[in-house]
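The structure displayed is predicted, hence computed values, not measured ones. Every chain is numbered from 1 and lettered A, B, ... according to where its sequence line falls, protein lines coming before strand lines.
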Amino acid sequence: MSDASTPVPGAPEGAHTFRSPPQQLKLPAVEHEILELWASRDIEGRSLRDQRKDGGQRPEFVFYDGPPFATGLPHYGHLLAGTIKDIVPRFWYMRGYRVQRRFGWDCHGLPIESLIENELGIHGKAAIEELGVPKFNAACRAGVLRFTQEWETVVRRMGRWVDFRNDYKTMDTSFMESVWWVFKSLWDKGLIYEGHRVQPVSPALGTPLSNFEVAQGPQEKDPVTRKEGHKRRQDPSLTVRFKLEDEQNAYLWAWTTTPWTLPSNLALAVHPEVTYVKVRVKATGEIAYLEPGRLAHYQERERIGETEELARLPGSELVGRPYEPLLPFFADYRTREDGTRWAFKVVSATYVTTDSGTGIVHQAPAFGEDDYNVGKENGLPLVNPLSLSGVFDESVGEFAGLFAKDADKKIVARLRSEQKVVDHDTIVHPYPHCYRTDQPLLYMALSTWFMKVEHLRERFVELNQKVHWVPEHVGSGRFGNWLANARDWNLSRNRFWGTPLPVWRCDKDPSDMVCIGSIAELEKLAGLQPGTVTDLHREHVDTITWASKAGGTMRRVKEVFDCWFESGSMPYAQNHYPFDEAQRSRVEQGLPADFIAEGLDQTRGWFYTLHVLSTALFDRPPFKNVIVNGLILAADGKKMSKRLKNYPDPNGVIDRYGADALRAYLINSQVVRAEPMRFGKHKKDTTGECVRDTVRLTILPLWNAYNFLVTYARADGWQPSKAALDVQPKADLDRWILSRVQSFLQEMIAEYEDYALSNLVPAYLRLCDDLNNWYIRRGRRRYWRKRGAAEDGLTPEQAEADKDDAYATLFRVLVTVSRAMAPVIPFFAEFLHQRLLVDTNLCDVEADEDSVHLMPFPEPSAELRDVALEQAVDSARQAVTLAMGLRERESIGVRRPLRSLTIAIEDTDLRAAVQTFEADILGELNVKTLKLSADDSELVTLTAKANFKALGRRLGKKMKVVAKAVAGLDAAAVATYAQTGSIELEGETLSGDDLRIDRAPKKGMVVASEGGITVALDTDISDELRHEGLAREVQNRVQNLRKTADLDVSQRIALFYRATGDLQKALARPELRAMVMGETLAEHMADLPDILPATAHRHSDKIDGDTIELAIVPQGAGTTEAAT
RNA sequence: CGGCCUGUAGCUCAGUUGGUGAGAGCACUCGUCUGAUAAGCGGGGGGUCGAAGGUUCAAAUCCUUCUAGGCCGACCA
């Protein structure tokens, strides 16, 4: 490869020398520099909008970004989702795809409407209409984007690349027109109908509430069950009697907690399979029907006197029996025109329970969902005398003008006077309340627009099976169940700030309706000049009318869309489909998207609406892969709460530790698999200490490795080159780390492609451990070898080549790792790329090599792989660990040299491979010689254990007996088995890995064994070894002295000492004396004089019972001539 | 009340299709440095795997019940 490339402007002049590394690593400062770099070189733009300098055409990886409400500030949940939404596109971009990432804003809906109502100081629909829709909507438009700047700041600071310039807003005319197109398409397919749905209504607001809003209502714990639920409220508990028309003096008893629904009673429901009882009340002689268990309940509470049982019958026998209307207002519905019975009869309903009331349920179809469904099944009429404000209209006589809840008392009074009340009590129960006004909600059937989805259920489920869910269970469980039980979608809202339903209807003939699918169509029908309509909000389109066939006027219906319908239309509407010709095929080819990611709470939200619309419109799933993230809780396990201040401010955490660390922390958790996560290191961590740990764990290891390379390369004059990136080193250590990096790449790619983000950081940490704690530590000497000198048994030429290989290998490793980690820690990866490649003029701007994020993701090379070598190092490191444990156990410090270490490994190839790392093992452990052996019988006692996994299935019940026999085998028998590989026990032939052989250290031996590797230390210490150990202790004390004296590492010294006993003997040995002097840079070593210069530093100590007194005096420039 | 998820070391969490010495990080403790990194490296202690039953030769793992928590939904007569 040639080094002739277009250098990056501003890169340091001259050759390929590394820039000196920063003195101190300040991550937030580094990140700010990187942000500036990205901006100044438009790197983000080149990636996002695919404006590469090389102009290459790339296949498209389609990502849909779900729009957040623009009315709140971003919190940790958004940062987490943003991180996921950044990592995945970055990876696929590096894999050679084009990945458009457009930010979206959800601009419509109740959150912003409520906010504006509060700010304008008005409440309720009536107030808004009084103010006027144009003014209200203008306020919404002006207010909805107030936080976009804050969002952009935080999102960018997190390192997320997403296009804010080319964003989409659900209030854009183009977006809204596409929503119309979506609706019109559904309309043309016959999937839209007008119907009723029982909805919670806030009478104070005069508007129905969404389930979402209901859930936002006041909550409290039930004092008995301690369960969180709706705020509790006291209501009447009224039992009334309905007179049967076909039997004398006989009544059906029914119970209600909402007397205001009684005027609208149209039926009574019984469970067809429940047994009811017919009784005579002794005191009054009346005959009553109800469920016997409930009767007993009333009698226990002494609400009813004694009764005489007359008969028992199943509910099905009551079905169809007529009764007199309780109140006269809707008595006309008693019979149909043809004379058949219509309302006021007993109907069958399986939802009826016998745990409250009477077992006979009052039915007011307009005021309960179950009632409504029962009414529909039985062809009952729908009567609703209530307005949205909960006020009765003229149809209910004396109750007209009363608020429903206020009418309760008057209704009860009238029923009481008519002898229709059996029992009147109160009940305290959880009941939904308005989240804004705190008033109890009323349920009532309202006219709404529906999309038919129930017939699509099966298709939903089929298409959903093609989706790769992370984690899998959300797709098959929660979401799958939801799809299988999907209900027709109520997609209209009686609100103001939203996309208006594009339905115009004749005010004379309501059946004359037209659905508009585009602006052009509207202009044409209304006779307007093309281009007249530029905005589709209510204040603009509600005034557009035209003459109808029936001589009336075509006016738009009042409703606007549920904002979920808009977000579900996002795949089409963000590109103004199908109106924008240029984008048409992209939209069609971009469905399903390759990837989306949102929180678990979107199961019923965006995931669902995307699914419904793409199935209905295109018969396709909307996305191929989805990552569902869980909820982030505060460190104390509670929800994050601004009030409790139980979590650290995100900006503060980023400013202190950097975005990379926060990203790595968030992603290194099962929260990316839909599980909840506690943001904190411990329960009281409210400062983000957990993120500091992540800096230490994930960034510093890489930083240290980089710092090592650059420091030595600069000192040594080594220069990186393009050739170094393809280095084929000879040394085993180098070949090993390159192989190890390949397996790391393979693992990373597999995890990225599987969207298993929580496995990325652990894989990377394992590599860092290998890199820092073995590769660099063991290879350290190679970097500071003098050039041109024969060392380590190598000729000067060999030593030179080996050293170059070492530099090149480490350089290559760091470059590769920075690319593999770029999606996860985009700042630090970029920092490395800039320092290693850009500043050294090794990048070609024309080939878009000036940012790590424009580079291709590194492919693992099979040629560099050497699995056996990787295993050998594993084993060597394991042997070292075992031996370290032995030293610890025997209290022999690493400074004390030992004569020999024995490693027993049965496998011949592995043993030979471990041998190649002999010097490393001995160096790590401070041992003189290594003995390798295939046979560990002198070191350990063999015991055997049955391999349950292998034998269990084969032996079944005999397993226990055999296992016991195996455990009873003596060492000799096990040894025989180890040789022959077979044994007869309890009539079974066991062979191969039917037995697992364990090694227990023999008594009196310094031996440890694990996983087929046995190590033994020779702890017999000769005088020679002991003296060397002592000399090293002295050496250690001198080094400590150097440090307390704050001497430069290259500062020469004069060393003086006075020692006793063996210490004296050790230091008298010439070779040890030379060692101490060499390692401590001592130019002189002599007995301690009586007088020392002022620059001397002193220390005395006791080592193994002998004493030593030390003094060091700095030598050379800047110091006076030391006493000699 | 229903659906889904969770309960493993002091804390945060791993533990594949059941296979028998239950792991990591942090914290604790002991040791270890001087030509990358003490914001480092290594050793160690610490858990009746939420509880109780059951299936099985074998259960942290499968089943049932209970219990605690989370998310979503239902909360009606």
Exercise. I would like to know whether A:Y783 and A:F708 meet ring pair (Phe, Tyr, Trp, His ring centres under 6.0 Å); could you show each step before the answer?
Key: CA-CA 10 Å; A:Y783 298 87; A:F708 176 85; 5.0 Å; yes
Self-check item: Euclidean distance, atom CZ of residue A:F479 to atom P of B:C5 [Å, nearest integer]
Solution: 16 Å
Self-check item: Closest nucleotide among B:U34, B:G42, B:C33 to the A:R895 side chain
Solution: B:C33
Exercise. Check every strand shown and say whether A:N772 touches a base, only sugar-phosphate, or nothing at a heavy-atom separation below 4.0 Å.
Key: base
Quiz prompt | Presence of A:R887 side-chain N/O under 4.0 Å of B:U32 phosphate oxygens OP1/OP2 | solution = no
Exercise. Return the nearest nucleotide to the side chain of A:D693; candidates are B:C4, B:C75, B:C26.
Key: B:C26
Quiz prompt | Nucleotide B:U16, atom P - distance to CG of A:D754 in whole Å | solution = 16 Å
Quiz item: So does A:D769 pair up with A:R766, basic N to acidic O under 4.0 Å?
Solution: no
Practice problem: Decide ring pair (Phe, Tyr, Trp, His ring centres under 6.0 Å) for A:W703 and A:Y706; before the verdict, give the C-alpha distance in whole Å, the side-chain angles of both, and the deciding distance to 0.1 Å. | Solution: CA-CA 5 Å; A:W703 156 261; A:Y706 153 80; 5.7 Å; yes
Exercise. May I have the distance from A:W703 (atom CH2) to B:A36 (atom C1'), rounded to whole angstrom?
Key: 11 Å
Quiz item: Roughly how many Å is it from CG in A:N373 to P in B:A77, rounded to a whole number?
Solution: 15 Å
Quiz item: B:G40 P sits how many Å from A:E924 CD, rounded?
Solution: 18 Å
Practice problem: Compute the centroid of each ring, for A:F367 and then for A:W260, and state whether the two points are separated by less than 6.0 Å. | Solution: yes
Quiz prompt | Listed nucleotide nearest any side-chain atom of A:T256, set B:G42, B:A77, B:U32 | solution = B:A77
Quiz item: Rounded to the Å, how far apart are A:E472 CD and B:U16 C1'?
Solution: 14 Å
Exercise. Could you tell me whether A:R777 contacts a base, only the sugar-phosphate backbone, or nothing, with contacts defined as non-hydrogen atoms closer than 4.0 Å?
Key: base
Exercise. Kindly point out which of B:G73, B:C33, B:A77 is positioned nearest to the side chain of A:T257?
Key: B:A77
Quiz item: Nearest to the side chain of A:L700 - B:A39, B:C33, B:G25?
Solution: B:A39
Quiz item: Would you say A:V880 and A:M884 make side-chain contact, with heavy atoms under 4.5 Å?
Solution: yes
Practice problem: Quote, to the nearest angstrom, the P distance that separates B:U17 from B:C5. | Solution: 14 Å
Quiz item: Among the nucleotides B:A36, B:G73, B:A77, which one has an atom lying closest to any side-chain atom of A:W482?
Solution: B:G73
Quiz item: What distance, rounded to whole Å, do you find between the two P atoms, one in B:U8 and one in B:A14?
Solution: 10 Å
Quiz item: Can you tell which of B:A36, B:G42, B:C26 lies closest to the side chain of A:N704?
Solution: B:A36
Practice problem: Take the angle between the ring planes of A:F607 and A:W469 and call it parallel below 30°, perpendicular above 60°, tilted in between. | Solution: perpendicular
Quiz prompt | Under 4.0 angstrom between A:T711 side-chain N/O and B:A36 OP1 or OP2 | solution = no
Quiz item: Checking all strands, does A:T881 fall into the base, sugar-phosphate, or nothing category for heavy-atom contacts under 4.0 angstrom?
Solution: sugar-phosphate
Exercise. Under 4.0 Å between any heavy atoms, over every strand shown, what does A:T1080 touch: base, sugar-phosphate, or nothing? Just pick one.
Key: nothing
Exercise. Write down the distance between CG (A:L765) and C1' (B:G25), rounded to a whole number of angstrom.
Key: 9 Å
Quiz item: Can you check the A:H362 NE2 to B:C76 P distance for me, whole Å?
Solution: 13 Å
Quiz item: Which nucleotide sits closest to the side chain of A:R696: B:U34, B:G40, B:C76?
Solution: B:G40
